[in-house]
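To start, the structure itself, in structure tokens.
Quick note: residue numbers are just sequence positions, from 1. Values below: every heavy atom of this structure, side chains too, minus hydrogens, waters and symmetry copies.
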Amino acid sequence: RMKMGFPLICGAHDHEPMIEQVEGAWIVKSGMDANNALVIDVNWPQQDTAGAQPDITVELVPTKEYPANPDLIELVHQHMQVVEEMESAYLWDVPAGITLSSKEIRRKQTTVGTMLTSLIRD
């Protein structure tokens, strides 16, 4: 049996939501694009029970259930202008016969990875 510390691990930058309990520890991820939010309650039994494990409840909530904040939307649009400009930026002429792909970029060398690292190197 594993010796656990705090019984909650919150992951990030994952595409799929996940709520799983492994040997008493919650492993939670809300998924991508802020489509969901995690509502997590952590409650300790009492102040005088130092070292006791807390009670944890986890709920995955679709964010579409909440109205959008207009001020936050405006801030996002301002920041996204830089991204939108980069989407149309010229980086490189793709040679004939080369197909660019980033599929499985975290697991193996890809043509997009080679292109980007070559641009940085050169």
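In this structure, CG in N43 is found 7.0 Å from OG1 in T57, a value given to the nearest 0.5 Å. Rounding to the nearest 0.5 Å gives a distance of 12.0 Å between CD1 of I27 and CD1 of I19. Here the NE2-CD distance, from H77 to E84, works out to 8.5 Å after rounding to the nearest 0.5 Å. For the atom pair CD of E59 and CG of N36, the computed distance is 11.0 Å after rounding to the nearest 0.5 Å.
The backbone N or O of A37 lies less than 3.5 Å from no partner atom in the side chain of S30, so there is not a single donor-acceptor pair. Side-chain atoms of S102 never come within 3.5 Å of backbone atoms of V112 as a donor-acceptor pair (strictly under, hydrogens ignored).
No hydrogens or angles considered: a donor-acceptor pair under 3.5 Å links the side chains of E74 and Q78. E104 and T110 share no donor-acceptor pair across their side chains, judged by distance under 3.5 Å alone.
Note on residues 28-46: pairs passing salt bridge (charged side-chain N to carboxylate O under 4.0 Å, His left out), not counting sequence neighbours, are D14-K29. Legend: salt bridge (charged side-chain N to carboxylate O under 4.0 Å, His left out) pairs involving residues 88-102, not counting sequence neighbours: none detected.
The same ILVMFWY cluster, assembled from side-chain heavy atoms under 4.5 Å apart, contains both I98 and L119. Note: the hydrophobic cluster containing W44 also contains I56 (ILVMFWY, side chain heavy atoms under 4.5 Å, direct or indirect links).
Side-chain contact between S118 and M115 is absent, with no heavy atoms from C-beta onward closer than 4.5 Å. You'll find the side chain of L116 stays beyond 4.5 Å of the side chain of W92, heavy atoms only. You'll find the side chain of I40 reaches within 4.5 Å of the side chain of V28, heavy atoms only. In this structure the side chain of C10 never reaches within 4.5 angstrom of the side chain of L38, judged on heavy atoms.
Cluster partners of V39 are V61, Y66, counting Ile, Leu, Val, Met, Phe, Trp and Tyr whose side-chain heavy atoms approach within less than 4.5 Å, directly or via other members.
Between P54 and V42, the closest heavy-atom pair is CB-CG1, 3.7 Å. Taking all atoms of both residues into account, the shortest heavy-atom contact from N69 to D71 is OD1-N, 2.8 Å. Listed here is the closest heavy atom pair of L60 and P17: CD2-CB, 3.6 Å. Across all their heavy atoms, I73 and A68 have their closest contact at CD1-CB, 3.4 Å. Residues K108 and K103 approach most closely at CE-O, 4.1 Å, considering heavy atoms.
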